[in-house]
Protein chains: 2
Amino acid sequence: MGDKKIKNMEEFAAVSGISRPTLSKFFNDPSSVRASTRQRIEAALDCYDYRPNLYAINQNRRLTKNIGIIVPYLADPFFAEIARNIEEHILGTGYRPVLLGSHGSPEQEIENLENLRLLKPAGVLLAPLGRASDQARIATFCEEVPTVLFDASAGTSGDAFVGSNNDQSVGLIVDYLCRTGEPPAFFEMQTPTNPNAYKRRHAYLAAMERLNHTPHLIQAAGEGWEFEEIGFREGTRVVRDRNLPTNTILCSNDRLAIGFLSAAYEAGIRVGLDEDCSMRVAGHDDHPFSRYTCPTLTTVSQDYEAIARKSAEALMALIEAGQVPDSREVTLFDGRLVMRGSA
Amino acid sequence: MGDKKIKNMEEFAAVSGISRPTLSKFFNDPSSVRASTRQRIEAALDCYDYRPNLYAINQNRRLTKNIGIIVPYLADPFFAEIARNIEEHILGTGYRPVLLGSHGSPEQEIENLENLRLLKPAGVLLAPLGRASDQARIATFCEEVPTVLFDASAGTSGDAFVGSNNDQSVGLIVDYLCRTGEPPAFFEMQTPTNPNAYKRRHAYLAAMERLNHTPHLIQAAGEGWEFEEIGFREGTRVVRDRNLPTNTILCSNDRLAIGFLSAAYEAGIRVGLDEDCSMRVAGHDDHPFSRYTCPTLTTVSQDYEAIARKSAEALMALIEAGQVPDSREVTLFDGRLVMRGSA
DNA sequence: ATTTATTTTTTACGCGCGTAAAGTTTTAAT
DNA sequence: ATTAAAACTTTACGCGCGTAAAAAATAAAT
């Protein structure tokens, strides 16, 4: 590392013997200068502690090297994990990730978009809240900034969408549950905030019809992002009332399932595949915590890594193309069955 | 909201009839201009869509209105939650929070500090990794930027520290466990990454001595931040070997406890207070997920809100003072006993 | 060695705003 | 009404870098 402090690029040009415009090119893209000069610059950087002023750089550039990442809820390990993956991909391309969480609030989501706009980002990766989102303003934003939506869509906003194939994944777990026991009822939120929830509901209905079984929806009341709480509360009601046509429950997502399992445990109902178990519960997403539930949660995994990679790649492609694409690319990843103890 | 787009402050000065220097003052601090002019400006903002260029603003200011927040691991809901609280407090003061996660990596932590330095932040709130942190570089950073450490300390770096009173909180739960049954053994990581872990170990030893009980440490091997995994693996071994002097386990943190409970469940051991239970397990932190474990986890809560508020306040005080304080303020919050099903 | 293409240097201007200084207007106080 | 203080306007300069254009230097190709 360097020792002597350098004030600005002018000064660094003086001590390194490289002209300032060339240095400017180098700092914007090291590969844009001749290899020999690049080495000279890097050698100088070893002797002198200099990094260009971020604000001066971005003031004149129409587009910065910032990439915004917005997720609906950072306290949900699912999103934290996927955000982490995306961050890593972005860093690998020499861009600078800026992570923002919307805390489940549509106002915060818009606020985040506004703040990002001030950063003049090269592009944005957005996982919208879903139903609660201000679709119109998101659409406006997407027209101004290259944006890839992931996890959930918001209308047809965005130049690309990366998500999971709910038809396939829900079909997979319904198939599995039917093969290994009773057909499942579907446990979900009555008015889910996430558009994936609707897709999963329909996928469940379709899968049950395909298999010639009567579908059964259990719809929990409740708003917001406290899914475990909702799963627990309504799960308690479900196991108390005991008027289910089936003892196999497929939850719309793992967080609901975590709450449901907790409710079943409290009610003294054994969940799982053993002889003495009276109920089976499955989830969806392979949430980081689902391998530590009691019993461990059988679920369908979303391919976090693939979604993160593809989202980042799609955005980089957009940025490099430098123009709005002629068509909106949609990528859906298949889920993988994760057989654990609960079903 | 405004409709007409304004390019820069000069233009906005023209249409609003306010001089540019006054506008500059206003945008830096709305309360620094006369109430009547403030109203005129705000009225103009309603008609015209203008926000000052972030980069131009910060270029000349020696200190920006940015406040950096660094947590060791964003995928841990504990840190996600505390970060969210801090963000809210920062926003309330008119500053702009910038959240960064270190992904459990000391290199990333230093990288985050370096990146923050480029942002010329008014101050930084840092929850260091702990033992793995590059203490020297953190110390250097703290001398250059007003910094409040929270959750964990790093030597005596930072102008203030806000954390929890491990002596009190561990003493509290040890007391409780002893009053209601057997004295607990202490389940922890052998080489914990977090300095709190050492404090808790000592607090446990002290509490047991005070109560005239023989302490017993169960030290799990393992590195990194996959605490549930480590708790599960070593928990499995512990319940298999069954050579414990006690059937009450106090875990150094809730994430270890979550893994441990899962292990106990898998081993068919009932945990809790009921007649048919052969083991009690308690944790520490009141992790967001600990109310959904099976059984629900008895633990000591850390006062997230208080830690977040005090950290933010301490930093704002530092910033407003505008100088290094004569003494390093240390604030420790007491824990609250959270009695649930597991002990 | 000559030509040509590529890269670097020199020179110069501008981005949008912070901010200092001096002059003017408004407000508050007597 | 007079005076002093506070707030505002005018004018002007600078921050650190992007970037365009023309000239010079270097490298590659014949």
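Labels below follow one simple rule: chain letters A, B, ... track the order of the sequence lines, proteins then strands, and each chain is numbered from 1. It should be emphasised that the depicted structure is a prediction, and the values quoted were computed from it without experimental measurement.
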Rounded to the Å, how far apart are A/I18 CD1 and C/dT10 P? 11 Å
Quick one: is D/dT10 close enough that its OP1 or OP2 comes under 4.0 Å of any side-chain N or O from B/S19? no
Pick base, sugar-phosphate or nothing for B/S36, based on heavy-atom distances below 4.0 Å to the nucleic acid. nothing
Give the rounded distance in Å between these two atoms: CZ of A/F26 and P of D/dC17. 14 Å
Counting the atoms with a prime plus P, OP1 and OP2 as sugar-phosphate, which does A/Y50 contact under 4.0 Å by heavy atoms, base, sugar-phosphate, or nothing? sugar-phosphate
Report the distance from atom CZ of A/R20 to atom C1' of D/dC17, rounded to the nearest whole Å. 6 Å
Which of these nucleotides, C/dT8, C/dG16, C/dT19, is closest to any side-chain atom of B/P21? C/dT19
Proximal nucleotide (of D/dG18, C/dG16, C/dT9) relative to the B/K7 side chain: C/dG16
Strictly below 4.0 Å, N to O, side chains only: are B/R117 and B/E114 in salt-bridge contact? yes
Using atom CG of B/N58 as one end and atom C1' of C/dC15 as the other, report the distance to the nearest whole Å. 15 Å
Parallel under 30°, tilted from 30 to 60°, perpendicular over 60°: which one fits the rings of B/Y48 and B/F12? perpendicular
Closest to the 5' end of DNA chain D, once A/S24 and B/V33 are matched to their nearest nucleotides, is B/V33
Check the distance between C/dG18's P and B/N28's CG and give it to me in whole angstrom. 7 Å
Base of C/dC17, side chain of B/N53 - is there a donor-acceptor contact under 3.5 Å? no
Length of the line joining A/K65:NZ and D/dG18:P, which is rounded to integer Å: 12 Å
If I take atom CG in residue A/N8 and atom P in nucleotide D/dG18, what distance separates them, rounded to the nearest angstrom? 12 Å
Separation of A/F12 atom CZ from D/dG18 atom C1', in whole Å? 18 Å
Taking for B/A56 and for B/T37 the nucleotide of DNA chain D with the nearest heavy atom, the one nearer the 5' end belongs to B/T37
Report the distance from atom NZ of A/K120 to atom CG of A/N66, rounding to the nearest 0.5 Å. 10.0 Å
Quick check: does any side chain N or O of B/S105 sit under 3.5 Å from a backbone N or O of B/Q108, one acting as donor and the other as acceptor? yes
Measuring from the side chain of B/R34 (C-beta onward, heavy atoms only), which nucleotide among C/dT27, C/dC17, C/dC15 has the closest atom? C/dT27
Any side-chain to backbone donor/acceptor pair from A/R328 onto A/S157? Under 3.5 Å, distance only. yes
